[in-house]
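Read through the structure below, which is laid out as structure tokens, and then see the notes.
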Protein chains: 2
Amino acid sequence: MDVAEFRRRGKEMVDYIADYLENIEQRPVYPDVEPGYLRNLIPSEAPVEPEDYNDIIKDVERVIMPGITHWHSPHFYAYFAAASSYPAMLADMLCGAIGCIGFSWAASPACTELETVMLDWLGKMLKLPECFIAGTSGRGGGVIQGTASEATLIALLAARCKVINRMRASNPQLSESEIFSKLVSYTSIYSHSSVERAALIGGVTMKKVSTDKNFAVRGETLKKMIEEDKAAGLIPFFVCATLGTTPSCAFDRITELGPICNEENIWMHVDAAYAGSAFICPEFRPLLNGIETHSLITHLWVRVCEEVKNRADLIGAFNVDPLYLKHENQESGLVTDYRHWQIPLGRRFRSLKMWFVFRTYGIQGLQTYIRKHVSLAKEFEKMVLADENFEICAEVIMGLVCFRLKGSNEINQKLLERITKLREIHLVPCQLEERFILRFAICARTTELRHIQRAWSHIKKLAYEILQESSHCLKG
Amino acid sequence: MDVAEFRRRGKEMVDYIADYLENIEQRPVYPDVEPGYLRNLIPSEAPVEPEDYNDIIKDVERVIMPGITHWHSPHFYAYFAAASSYPAMLADMLCGAIGCIGFSWAASPACTELETVMLDWLGKMLKLPECFIAGTSGRGGGVIQGTASEATLIALLAARCKVINRMRASNPQLSESEIFSKLVSYTSIYSHSSVERAALIGGVTMKKVSTDKNFAVRGETLKKMIEEDKAAGLIPFFVCATLGTTPSCAFDRITELGPICNEENIWMHVDAAYAGSAFICPEFRPLLNGIETHSLITHLWVRVCEEVKNRADLIGAFNVDPLYLKHENQESGLVTDYRHWQIPLGRRFRSLKMWFVFRTYGIQGLQTYIRKHVSLAKEFEKMVLADENFEICAEVIMGLVCFRLKGSNEINQKLLERITKLREIHLVPCQLEERFILRFAICARTTELRHIQRAWSHIKKLAYEILQESSHCLKG
């Protein structure tokens, strides 16, 4: 494919994408395929000779689209919102064309420097304390991680490194492996699966902290666990608090947890991967109060970012510097080599997306976007509350509504199965205190009131059918 | 930005990208900016109101391009080749538009299933043993990791999990932390920095194995280290061999290492992140002989992939399954949930790129591409050998030439400094046995004989100037 053909095919692709997104509502949101469907549709080996591009592009509708769960359909209410916007797609095209691997400042200075400034923009939008901002002093600062999983893992590993160094300095008789075996970390029973996974990878114990009736971790519970563990000779070193948990969007009380962590010399990491972006709205910013922490993840409906108070803590954990990655400016203290801040060496020029999106929307546009999602969730909550066959299962604070039919887990499982089977809307469940619950998350950029009204009618209709079949008493 | 504007802006972006890549030769390959240059060119906070898209796109040339190291310029000979092709860019646009997060089969079946089949295509192109292929039995199979660093880390963590389980089963009196503290892994003194970093993250000891005069690890050396360590009560569990090291593209002797690892029940991981793709050419495939290993990374000038012989070993290490990620097909054994195969939960629809590239080029086209890079390196080697002021420092097998001026490290450092300063071409150095060496890697898709001829004239001219300044004897 030469450059002339790329011009033609690229423009065709722009039109295909525009058509896809413009008409996405018409597609069933959830695919109707059986496991293994795709293998039968394409050859079992790569072609020896080049194929015609027309044949490839035709296969997108024949092979790919039947197996797609359409995350950007307004009928998609599963998991949490994934990033998507037109300016982000344009920036991503540019990122792919530049195709630099930004593991060091020298490998593409713009890639590193734009990221530093964009994370400062974000930190200021979130009204983070000054110590999180890189500015020109470069003590704090942020980094775009590939995913929230990596952000949590990096924080845990940095904390592990820090505590081992500290313990060895104060107890020279202790070996590294003795310290290692005594390390203990904490997180909510409702925190994301990636938190537990980070501990598995880091090889340290993680204890689950129970919550209050709002599914939030409280200071008292944590304090008690820490004291018991210390009495048993263990070394508490890391707490992952969540602002906006995945099951119910609960907010751990960081105003209570922060002081305990500071007192005990524990690294507190705040996972705000979903709710964090909402803190750019003044009305939601109080939820971030007490951010006396070492690091913070947030997610601006765009990308997962991590802000740190003291970059030296993060870098110290994994600095490995071969000659082929050294460059003349790295000792100057003026540059950031992001490879020390993350698991991978290579990295895309991801801050271009933030730059395009922040500027195209403006802070006001982003606030409007978030407020619309939250208000749609509130509307959906009202619909649920208006029907006495249903109950709301957690406070609706952001764009997530947890609800269920009053009744057994089985009946709610049956409801979800039927929803999934009909493929008009897509939801996933969660579990809160042994109860099977339906999660309704406002996800798509294009979701409007009419979509959630339709979704609610659909859910109600299926629920009534089930209630009647099981001769439950239909109320109202 | 509405869909109509996206159509217009998207097509403009396609043209901008085409222009950029068509004329990339005219830009200095290495940027002339000082650390911190970018911060002064843009505001210190995000705009409150939306900005005009025209202003954003104008800033790409004003703010970004002056700070770009142009990885796809034919004057770029640094590090190793990064992936770039027109069909890959088209596939990436589509990937961004679909914007699914493929952490489970249900989250987008096509995303998972195409990846499985594409990795099978790749495995067959590489003539891997049948046990690496998923096929319909699904015992082996491949996965696209974000970077080579993650691929190595995942292999090390899986090996760590496996050895701990095995040791605990056979020695119930040993605690997990006792086993942990005795674990030891091995890799070449010339393996990539990410290998050492994987051990740091995994919290295990990694020992560096010295090499023969071709910079390759030999069986005898490894065997001796393993025996000493076992005698000292340690538990050898993981070897990372490299096919195509970063400094000099050396090939560890896996025909010797494999049998030792099998005998000692050690997980052998083969890092072929650079050279692996060349094994699709029959003339290079013998370099992969002895692939009696558990896993393999390779890199097809496109993406980093990892092939495993027994997927259960990989999955066992990190299976964490909350309700919101469960789906009805996951217990069937028919589907793959790639989230268990990698560090991140979320993942892009990256196999689209492989599909587009394999089909647009065909196996023959990819072989031609690789052979061209290797033959350009051989041409460059001839030029170096023809000048007796220079020497070749490692056998030229793939697209990398290691060379230096006969003389001190200082004089070679001076040569590289001058090359970097003039910005006509871009190289990075490496170190082999205390010697400072220049690496000349064929990287760009568009590099032709005329470019390397010009690069060699340029290097020679600068070298002669330096030799004359330092009153070295200029030979020939």
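Just so we're clear, the structure is a prediction, and the values are computed from it rather than from any experiment. Any value given below was found using the heavy atoms of this structure, including those in side chains, with hydrogens, waters and symmetry copies removed.
- Across S108(B), P87(B), P31(B), the residue that shares the most heavy-atom pairs under 4.5 angstrom with chain A is S108(B).
- Between chain B and the residues A18(A), A198(A), G96(A), A91(A), the largest count of heavy-atom pairs under 4.5 Å involves A18(A).
- Within the 4.5 Å cutoff, no side-chain heavy atoms of E113(B) are placed close to those of R39(A).
- For L41(A), no part lies under 4.5 angstrom from a heavy atom of chain B.
- Judged purely by distance below 3.5 Å, without hydrogens or angles, the side chains of S175(A) and E178(A) pair a donor atom with an acceptor atom.
- Taking 4.5 Å as the limit, every side-chain heavy atom of V14(A) sits out of range of all side-chain heavy atoms of R8(B).
- Among D59(A), I164(A), L21(A), the residue with the largest count of heavy-atom pairs under 4.5 Å with chain B is D59(A).
- Residues passing the salt bridge (Lys or Arg N to Asp or Glu O under 4.0 Å) test with E176(A) are R168(A), sequence neighbours excluded.
- Once rounded to the nearest 0.5 Å, the distance linking CG of L352(B) with CE of M93(B) reads 12.5 Å.
- Chosen from S177(B), C100(B), G10(B), A46(B), the residue pairing most often with chain A at heavy-atom distances under 4.5 Å is A46(B).
- Of the listed residues (A110(B), S181(B), G362(B)), the greatest number of heavy-atom pairs within a distance under 4.5 Å of chain A belongs to A110(B).
- When the candidates Q364(A), M13(A), R7(A) are compared by the number of heavy-atom contacts under 4.5 Å with chain B, R7(A) comes out ahead.
- Proximity to chain B (any heavy atom under 4.5 Å) is shown, for P43(A), by both the backbone and the side chain.
- Between R359(B) and D55(A), no side-chain nitrogen of the basic residue sits less than 4.0 Å from a carboxylate oxygen of the acidic one, so the salt-bridge criterion is not met.
- Per-residue counts of heavy-atom pairs under 4.5 Å with chain B were compared for G202(A), S44(A), G365(A); the largest is that of S44(A).
- With sequence neighbours excluded, no residue satisfies side chain to side chain donor-acceptor pair (under 3.5 Å) with D2(B).
- With a 4.5 angstrom heavy-atom cutoff, P47(A) touches chain B via backbone and side-chain atoms both.
- When side chains are defined from C-beta on, W121(A) counts as touching I42(B), because their heavy atoms get closer than 4.5 Å.
- By number of non-hydrogen pairs under 4.5 angstrom with chain B, the leading residue of Y361(A), F180(A), F349(A), W355(A) is W355(A).
- Heavy atoms of S85(B) lying under 4.5 Å from chain A are absent altogether.
- Contact tally against chain A (heavy-atom pairs below 4.5 Å) for F356(B), Y20(B), W71(B), Y37(B): the top residue is W71(B).
- Contact detail for T112(B) and G102(B): the closest heavy-atom pair is OG1-O, 4.5 Å.
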